[in-house]
Amino acid sequence: MALRFPVVALLRPVKFWHFLVVPPVAMAAVLGVFRLIDRAVLPAGAVPGEAYHTARTVLISVSMASVIAVLVIRYRTGYEEALEETRDFLTRIIESTADGIVVRDADGRVRSWNPAAEAMFGWTEAEMEGQTLERLVVQAGEATRIDADLREGRTLRNLEANGVRKDGSPVTFALTVAPLRDAAGAFTGTTGIVRDITALKQMERHYLERERLAAVGELAAMVAHEVRNPLAGIRGGCEILLEGYPEGDTRHDIGVEIIHQVDRLSRTVHDLLTFARPRALDRVPIDLHALIDRILQNLRDDPANAGIEVVRDFAEEPLVMQIDGRQIEQVVLNLVLNSIQAMKYRGRVTITTAATGDELLLSVADTGPGIRPDKLEQIFQPFFTTRSKGTGLGLAIVKKIVEAHGGRIDAASPGGSGAVFTVTLPREA
């Protein structure tokens, strides 16, 4: 049993207390073995010589050194295996977490970049290693200000920042970052947890927008009710007064201008009501091409549109669909008028229709000045307008009608010249 214990101990993972137990037991076992050898080799009563004692001492020392060496090797191996297991465990945690984890050195350069951060921003770990966070944030100097606070020992929690992905798309993220220090307390870098909150912020904006629009709707309905009837009375009174003054008379011209302004206010009130309280859809089979042609004919009859060239690029097949004809007519009319006004009544409007699978496409393109990139995301917002006499409701109403039909509308300005509005509607609602 005394011989078996050290062997078994050496085969198991070595603990620190093994160094206190195994060497004495091993020494006793080695001495016992050599005592048996002495009895077997030396004759009874014989006195061993100096060479025998030396060889015996060397063998005992080598045996004990071997036992201790094995213990040390096994202890070191077990220690390294434990470190490797711990490292692998921590690595798996970092790589599998849903939030981005970014570790930077004292100079603010990335040293660790987990897969969640890669999925969030699009940059791989190899592409971000050695880079600063200035590549990610939109606001200049934001990373520098954050690092200044961290060097003072502060932990920053739930900071919101606007950034940009590798493909150029915007991203909003929340950042919790803390300083890293060595054993002496010196600043060695930072570790941060990054969470993509782009969708959350969009939901918040949509919620606030809905609340704002609800308030606008109530106000618009009240204003329309209080204003529409007086406007009708003013217009009727002006028409009666005009009968008493011939054309060319200054008073006649003033009356005509009053009627024009009343009509403009009436259209604004109508737009407010349409936006605030849209009518329920009355879907019937409508030939989209015939609907567009009726609108174009009415526009051609207006002398103000004489400088406008209209190009019809229609699909070969008739596009009959279940829609609310009056509302879709308003969509097309608003888009065409928007293009005409953007071109200052001189240019080309191209109307294109196409069928793709289960969807129908309608696009209105013009040769006007185009839309600035920073305005593209705002043009469908209510009351946003780039024209001094616009109400900012036309495109907002268009978007609302299209979405009520289960479709969508997109705006583009290729090359910064001209604008293209594309309406996509389901073939069958």
Side-chain angles (χ1 to χ4, degrees), residues 212-284 286 291-306 308 323-342 344-345 379-405:
R212 186 172 73 89
L213 293 181
V216 168
E218 293 180 3
L219 176 62
M222 181 185 68
V223 170
H225 177 74
E226 295 296 330
V227 172
R228 188 161 51 177
N229 290 337
L231 285 177
I234 293 171
R235 195 182 198 287
C238 283
E239 289 177 343
I240 294 173
L241 291 175
L242 285 177
E243 295 177 357
Y245 303 104
E247 292 186 12
D249 190 304
T250 303
R251 289 166 292 186
H252 182 278
D253 295 338
I254 293 174
V256 170
E257 180 61 23
I258 292 174
I259 290 177
H260 286 163
Q261 294 302 322
V262 167
D263 289 342
R264 187 173 69 85
L265 287 174
S266 296
R267 287 193 297 270
T268 301
V269 170
H270 178 268
D271 287 346
L272 279 170
L273 279 176
T274 301
F275 179 78
R277 295 180 178 178
R279 295 185 301 106
L281 297 181
D282 181 17
R283 295 179 182 268
V284 294
I286 298 289
L291 181 146
I292 297 173
D293 284 336
R294 286 197 304 272
I295 295 171
L296 295 180
Q297 183 58 51
N298 291 333
L299 291 174
R300 277 193 291 266
D301 294 338
D302 188 345
N305 299 326
I308 298 297
I323 55 176
D324 186 315
R326 291 179 60 186
Q327 294 198 38
I328 294 299
E329 182 175 341
Q330 186 174 3
V331 167
V332 178
L333 180 61
N334 280 0
L335 291 179
V336 175
L337 287 177
N338 190 71
S339 294
I340 291 174
Q341 292 166 2
K344 300 185 184 303
Y345 297 88
I379 57 176
F380 294 111
Q381 295 179 4
F383 307 109
F384 175 82
T385 181
T386 57
R387 296 196 300 271
S388 58
K389 295 184 178 180
T391 62
L393 287 174
L395 290 178
I397 292 173
V398 166
K399 185 174 186 290
K400 210 164 191 179
I401 293 174
V402 170
E403 291 180 346
H405 280 79

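This is a predicted model, so every value here is computed, not measured.
In terms of the side chain to side chain donor-acceptor pair (under 3.5 Å) criterion, residue partners of Glu403 (sequence neighbours excluded) are, by chain and number, Lys399.
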Worksheet item: Stepwise, does the side chain to side chain contact (heavy atoms under 4.5 Å, CB included) test hold for Leu395 with Leu335?
Response: CA-CA 8 Å; Leu395 290 178; Leu335 291 179; 3.8 Å; yes

Item to complete: List the steps, then state whether side chain to side chain contact (heavy atoms under 4.5 Å, CB included) holds for Val227 with Leu265.
Response: CA-CA 9 Å; Val227 172; Leu265 287 174; 5.7 Å; no

Practice prompt. Show your working on side chain to side chain contact (heavy atoms under 4.5 Å, CB included) between Asp253 and Glu257 and close with a plain yes or no.
Written response: CA-CA 6 Å; Asp253 295 338; Glu257 180 61 23; over 6 Å; no

Practice prompt. Could you walk me through whether Leu291 and Val332 pass side chain to side chain contact (heavy atoms under 4.5 Å, CB included), step by step?
Written response: CA-CA 9 Å; Leu291 181 146; Val332 178; 4.2 Å; yes

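Note that the CD1 atom of Ile401 and the CD1 atom of Ile323 stand 11.0 Å from one another [nearest 0.5 Å]. Once rounded to the nearest 0.5 Å, the distance linking CD of Gln330 with CD1 of Ile295 reads 10.0 Å. Note that CG of Asn334 is 6.5 Å distant from CD1 of Ile397, once rounded to the nearest 0.5 Å.
For Ile258 against Cys238, the heavy-atom pair with the smallest separation is CG2-SG, 3.3 Å. When all heavy atoms of Arg251 and Leu242 are compared, the pair lying nearest together is O-CD2, 4.5 Å.
A heavy-atom distance below 4.5 Å is not found between the side chains of Ile286 and Ile328. Side-chain contact check for Asn298 versus Leu333: every heavy-atom pair is 4.5 Å or farther apart.
Here side chain to side chain donor-acceptor pair (under 3.5 Å) pairs that include residues 238-247, with residues two or more places apart or in two chains, are Arg235-Glu239. Within the structure, the salt bridge (charged side-chain N to carboxylate O under 4.0 Å, His left out) test picks out the following pairs touching residues 292-306 (sequence neighbours left out): Asp293-Arg312.
In terms of modelled atom types and a separation under 3.5 Å, the side chain of Asp324 and the main chain of Gln327 share a donor-acceptor contact.
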